[in-house]
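Take a look at the structure below.
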Protein chains: 2
Amino acid sequence: MFSIGELSKRTKVKVPTIRYYEEMGLLAEAERTVGNQRRYDKAGLERLGFIRHARDLGFSIEAISSLIELQGHPDRSCEAATNITTSQLVDVRAKIKRLKALEKELVRISKGCDGHGVSEDCYVLASLADHGLCDREHTRGA
Amino acid sequence: MFSIGELSKRTKVKVPTIRYYEEMGLLAEAERTVGNQRRYDKAGLERLGFIRHARDLGFSIEAISSLIELQGHPDRSCEAATNITTSQLVDVRAKIKRLKALEKELVRISKGCDGHGVSEDCYVLASLADHGLCDREHTRGA
DNA sequence: GTAATGTCTCTAGTAACTAGAGGTTCAAGA
DNA sequence: TCTTGAACCTCTAGTTACTAGAGACATTAC
């Protein structure tokens with residue numbers, strides 16, 4: 001049995017975050033000492049490891065909730081879990097695509113200006129003001 | 001002179017967002033009609049276009065504030081603006097790198113399971129539970 | 001026994017909006 | 001001129017996934 005601080009050290013999840021996960025229902029309510037402090041066992045440690053790993057992979061709290069629920073239903077786990085993972089992958093790929101377009105434009109913008117030149121006509125500011133200077137469309141979202 | 005709704009249509013920035021930008025100091029306080037409604041001129045339209053474009057490129061409100069302030073000081077605009085842009089670029093590149101690592105692991109995880117097989121031993125859930133199954137380290141942040 | 005550290009709950013703050021309530025103004029048609 | 005309906009106003013609160021801080025209690029080491 002370890003304290004919340006111990007758990008935090010082992011999983012690298014901060015103490016208030018652990019309490020937050022409990023509040024959100026990702027972690028079962030922990031046992032308490034007579035003095036009302038939380039105590040965890042190996043199962044709690046593993047569950048938190050799972051959560052942390054999934055968060056690192058960018059899964060939302062909601063998605064993780066679904067995954068956890070699936071663990072209790074082995075009959076339909078596999079397909080549903082794969083669906084969640086695939087949707088996460090689609091999401092990640094869309095973000096990469098968008099960021100690459102942004103990278104391209106930022107490179108273009110920052111190259112236009114050498115940092116010590118034409119002072120009253122900064123290319124960075126002009127580029128940001130005029131979307132028409134962009135090579136291609138880029139939009140919000142994703 | 002156009003209303004906030006007109007401005008919204010032209011810039012594709014939602015009405016409450018325009019008010020929010022004003023509150024945050026990105027937009028100057030608009031003139032008002034006798035009935036207290038906001039009215040904008042061409043300068044307001046351009047300023048909002050600038051903000052929107054910068055937001056699309058992922059600049060934070062704070063960074064945009066700095067850029068706007070720089071527009072009033074042509075003597076030091078160029079270098080400082082380039083610095084902000086470069087830092088934004090570094091940020092975007094770090095995000096891309098991290099997302100590519102995630103993509104790789106998600107592909108690996110979702111391939112492990114064909115979606116209709118071994119029901120009580122889902123590879124997705126196992127992978128998420130056990131960080132040791134990862135090819136490489138991946139961490140939070142960026 | 002005491003001091004230091006850890007833990008408890010609760011509230012509020014973060015970024016960048018978005019949604020909704022309840023009330024006012026504007027513009028167009030009859 | 002009057003009326004109607006859309007657009008506008010302010011204000012509060014909600015979103016996501018935490019983080020920070022206050023003030024009080026528990027545990028542990030010496």
Side-chain angles (χ1 to χ4, degrees), chain A residues 1-27 29-40 44 48 50-68 88 91 95 98 102 139-142, chain B residues 1-27 29-40 44 48 50-68 87-88 91-92 95 98 102 139-142:
Chain A
M1 298 300 261
F2 12 80
S3 68
I4 198 168
E6 260 300 299
L7 197 68
S8 170
K9 247 180 238 158
R10 284 171 196 245
T11 58
K12 260 123 202 156
V13 176
K14 287 178 191 154
V15 168
T17 305
I18 297 173
R19 291 197 272 250
Y20 171 74
Y21 288 159
E22 181 181 309
E23 199 188 346
M24 292 299 101
L26 292 190
L27 283 173
E29 290 194 15
E31 285 177 50
R32 303 286 182 131
T33 63
V34 272
N36 199 36
Q37 296 193 355
R38 289 169 179 84
R39 286 299 116 102
Y40 298 88
L48 185 55
F50 175 93
I51 295 168
R52 196 215 128 116
H53 192 186
R55 284 294 300 132
D56 280 351
L57 288 170
F59 288 85
S60 68
I61 296 284
E62 205 190 333
I64 297 172
S65 268
S66 307
L67 289 171
I68 284 173
Q88 182 63 22
D91 214 62
K95 279 183 186 150
R98 177 170 141 76
L102 298 191
T139 40
R140 216 171 282 238
Chain B
M1 297 298 261
F2 11 80
S3 67
I4 197 167
E6 260 300 300
L7 197 66
S8 170
K9 247 179 240 162
R10 284 171 197 247
T11 58
K12 262 125 203 151
V13 176
K14 287 178 189 153
V15 168
T17 305
I18 296 173
R19 290 198 273 251
Y20 171 74
Y21 288 159
E22 181 181 308
E23 200 190 345
M24 293 297 101
L26 292 190
L27 284 172
E29 290 193 16
E31 285 177 52
R32 302 285 183 132
T33 63
V34 272
N36 200 36
Q37 296 194 355
R38 290 170 180 83
R39 285 300 115 103
Y40 298 88
L48 186 54
F50 175 93
I51 295 168
R52 197 217 128 116
H53 193 186
R55 284 294 299 132
D56 280 351
L57 288 170
F59 288 86
S60 68
I61 297 282
E62 205 191 335
I64 297 172
S65 268
S66 307
L67 288 171
I68 285 172
S87 123
Q88 181 64 21
D91 216 62
V92 165
K95 278 182 188 149
R98 178 171 141 75
L102 297 190
T139 40
R140 216 173 281 242

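Numbered from 1 within each chain, the chains take letters A, B, ... in sequence-line order.
- Taking 4.0 angstrom as the limit, Y21(B) places none of its side-chain polar atoms (N or O) nearer than this to OP1 or OP2 of dA16(C).
- Among dC17(C), dC26(C), dC18(D), the nucleotide with an atom closest to any side-chain atom of I61(B) is dC17(C).
- Using a 4.5 Å cut-off on side-chain heavy atoms (C-beta onward), R39(A) and R32(A) make no contact.
- Rounding to whole angstrom units, CZ of residue F59(A) and P of dC18(D) are separated by 14 Å.
- When the C1' atom of dA26(D) is taken as reference, atom CD1 of I4(A) falls 14 Å away, rounded to whole Å.
- For the pair Q37(A) and P16(A), both in contact range of DNA chain D, the more 5′-proximal nearest nucleotide belongs to P16(A).
- Within the 4.0 angstrom heavy-atom criterion, base atoms lie near R19(A).
- We find that CD of E23(A) is positioned 10 Å from P of dT9(C), with the value rounded to whole Å.
- Taking side-chain N and O atoms only, T17(B) has a distance below 4.0 Å to OP1 or OP2 of dT18(C).
- The existence of a salt bridge linking R38(A) and E22(A) is confirmed by a sub-4.0 Å separation between a basic side-chain nitrogen and an acidic carboxylate oxygen.
- For the pair R55(B) CZ and dA16(C) C1', the computed distance is 6 Å after rounding to whole Å.
- Note on R38(A): a side-chain N or O is less than 4.0 Å away from OP1 or OP2 of dC8(C).
- Taking atom NZ of K14(B) as the reference point, atom P of dT18(C) lies 4 Å away to the nearest angstrom.
- Taking a cutoff of 4.0 Å between a charged side-chain nitrogen and a carboxylate oxygen, R19(A) and E23(A) do not qualify as a salt bridge.
- Taking the side chain as every heavy atom from C-beta outward, I64(B) and F50(B) approach each other to under 4.5 Å.
- A straight line from CD of E31(A) to C1' of dC8(C) spans 17 Å, rounded to a whole angstrom.
- Which of dC26(C), dC8(C), dT27(D) sits closest to the side chain of T33(A) comes down to dT27(D).
- E6(B) has its CD atom 14 Å from the C1' atom of dA6(D), to the nearest Å.
- One atom, CG of L7(A), and another, P of dC8(C), lie 11 Å apart when rounded to the nearest Å.
- Two residues, R39(B) and V15(A), neighbour DNA chain C, and the one matched to the more 5' nucleotide by heavy-atom proximity is V15(A).
- For the pair S3(B) and dC8(D), the criterion of a side-chain N or O lying under 4.0 Å from OP1 or OP2 is met.
- Within 6.0 Å of the CD atom in E31(A), the count of heavy atoms belonging to other residues, nucleotides or ligands does not exceed 12.
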